2 protein chains.
Amino acid sequence: MASRFFNLDEEKQLRILNAAIYEFAQKGYDQASTNEIVKSAGISKGLLFHYFKSKKDLYLFLHQHFVEVLKTEFFSELQFDEPDVFVRIKNIMMMKSQMMKKHPEIFNFLMSAYMESSSEVKHELDHNHHALMHSSYAKIFEDIDQSKFREGVDMNRAVQIVFWVLEGFSKQVMEKTELLGQSDNDFTDEFAEADVYIEILKKSFYK
Amino acid sequence: MASRFFNLDEEKQLRILNAAIYEFAQKGYDQASTNEIVKSAGISKGLLFHYFKSKKDLYLFLHQHFVEVLKTEFFSELQFDEPDVFVRIKNIMMMKSQMMKKHPEIFNFLMSAYMESSSEVKHELDHNHHALMHSSYAKIFEDIDQSKFREGVDMNRAVQIVFWVLEGFSKQVMEKTELLGQSDNDFTDEFAEADVYIEILKKSFYK
DNA sequence: TTCCCTTTTGACCAATCTGGTCAATTGTAT
DNA sequence: ATACAATTGACCAGATTGGTCAAAAGGGAA
């Protein structure tokens, strides 16, 4: 099914993919319209159903595909050798911000898929999602250098705190850059500010 | 318009309100169906348009009404005399959790309204929202006792950290209680755990 | 040109749904 | 019986739904 799709003009592929994830993100599975998708992709109705045999087929393909796309980009750009957990978490958060900036439509789509409640696709989605989380998230907290922590601090809670702080921080960054016109922003200032928070937390929890 | 509505059976009022916010939260303004609302409220089409002269009228009324409801409940149960910022933030977060637990439908509706992009209502919503945020949020950070902070700590950033940590914490609590069957939960354990985090942060930032 | 195969089209389907109206019915209090 | 408010639901005209399929268009080889 999908293999045939990838032989298309790359530009036509993109038009279809973008139109589809936009529509699904906007309206959710049930309410999304295949008519709307073909119209905004500039292709005929028949063609869409030629490549994807049903609406469900299309939706599940999109989900699988873009999870894969983000995963690939994420793991190719992240250095895993970073020994300090705090910095590791920071890198992940900043990367997430950069990727949300770069591919907002994909994030919107995957976020809406995460919230999707239509019984027609819910089961398959949950399955994909769990597989992803289990494989990716765990390794953030792997191999933490315990010797750096001051005696008496609860290491797990400390790491949790750092995680929440940087999550809050990157959420704030996203909201700010959304308000201002975005464009060229390379997050240099934000990296620096994130480091200030890291330093504060290190001073609190490290020896 | 709305004044007439409040003369109805209270039970009928509730049926209408619940049906409406559920539908709007589920599908967004454009895609929400007035037919669906009257069906699930068990009233006739004509009646809905008798009390609310249009779909837009209904939507904006619901928004205004439930913002008011939550605001009232929030400010009536919160003690403002709490002198410690950290505890103040904690109280607000825990209260938010409790209210989300108590009125999940209202939160869903207001959350979806916050994300609403339909041009027909966006402008009015933004206006309401801004008014709310400006009046409520500011006083969280009012009158902070600076003398408690250790020298050398950046007070604003410290408060920000506490805010993010407790936000992350309460989000986690919500997700957990959503997975488990909810029911009777009074958040006693969660209050205690939140206090642990508060203590850690106090030790870091206070004299 | 002719042949053959793949790609692409869009009219068509039957069903459902849209926000909103309004003449008619029902309920209630005098 | 009268008046008035509350309530109904059939009706409107048009749009939209996921999906099909015979036909047209494209393109390379003979």
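Residue numbers start from 1 in every chain, and the chains themselves are labelled A, B, ... in the order their sequence lines are given, proteins ahead of strands. As the structure is a prediction and not an experimental result, all values here were calculated from the model.
Using a 4.0 Å heavy-atom cutoff across all strands shown, B:Lys56 reaches no nucleic acid atom at all.
A heavy-atom distance below 4.5 Å is found between the side chains of B:Phe109 and B:Tyr59. Residues B:Lys148 and B:Asp145 have side chains in contact (heavy-atom distance under 4.5 Å, counting atoms from C-beta outward). The side-chain heavy atoms of B:Leu14 and B:Asp9, taken from C-beta on, include no pair separated by under 4.5 Å. Side-chain contact check for A:Tyr22 versus A:Glu105: every heavy-atom pair is 4.5 Å or farther apart. Counting heavy atoms from C-beta on, the side chains of A:Phe163 and A:Met93 come closer than 4.5 Å.
Under the salt bridge (Lys or Arg N to Asp or Glu O under 4.0 Å) criterion, the residue pairs touching residues 25-41 of chain A are A:Glu23-A:Lys27, A:Glu36-A:Lys39, with sequence neighbours excluded.
Spacing between atom CG of A:Asp57 and atom C1' of D:dG19 amounts to 13 Å, rounded to whole angstrom units. Atoms CD1 (B:Ile16) and C1' (D:dT7) sit 11 Å apart, rounded to a whole Å. One atom, CD of A:Gln13, and another, P of C:dT8, lie 11 Å apart when rounded to the nearest Å. Atom P of nucleotide C:dG19 and atom CD1 of B:Ile37 are separated by 8 Å, given to the nearest angstrom. With rounding to whole Å, B:Phe5 atom CZ is found 15 Å from D:dT7 atom C1'. The distance from atom NZ of A:Lys53 to atom P of D:dC21 is 16 Å, rounded to the nearest whole Å. Atom CG in B:Leu47 sits roughly 12 Å away from atom C1' in D:dA5 (whole-Å rounding). Summarising the geometry, the separation between CG on B:Leu58 and C1' on C:dT18 is reported as 16 Å, rounded to the nearest angstrom.
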Considering only nitrogen or oxygen atoms on both sides, find all protein atoms under 3.5 Å from nucleotides 13-18 of chain D and state each distance.
residue	atom	partner	partner atom	Å
D:dT17	OP1	A:Ser33	OG	2.8
D:dT17	OP2	A:Ser33	OG	2.9
D:dT17	OP2	A:Asn35	ND2	3.1
D:dG18	OP1	A:Ala32	O	2.8
D:dG18	OP1	A:Lys55	NZ	2.8
D:dG18	OP2	A:Thr34	N	2.9
D:dG18	OP2	A:Thr34	OG1	2.8
D:dG18	N7	A:Lys45	NZ	3.2

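Judged by a 6.0 Å distance limit and a 45° cone about the ring axis, B:Lys55 is positioned over the six-membered ring of B:Tyr29.
Remark: A:Tyr51 is not in phosphate contact with C:dT7, judged by side-chain N or O atoms under 4.0 Å from OP1 or OP2. Between B:Lys12 and D:dT7, a side-chain N or O to OP1/OP2 separation shorter than 4.0 Å is present.
With the nearest nucleotide of DNA chain D identified for both A:Gly46 and B:Ser44, B:Ser44 has the one nearer the 5' end.
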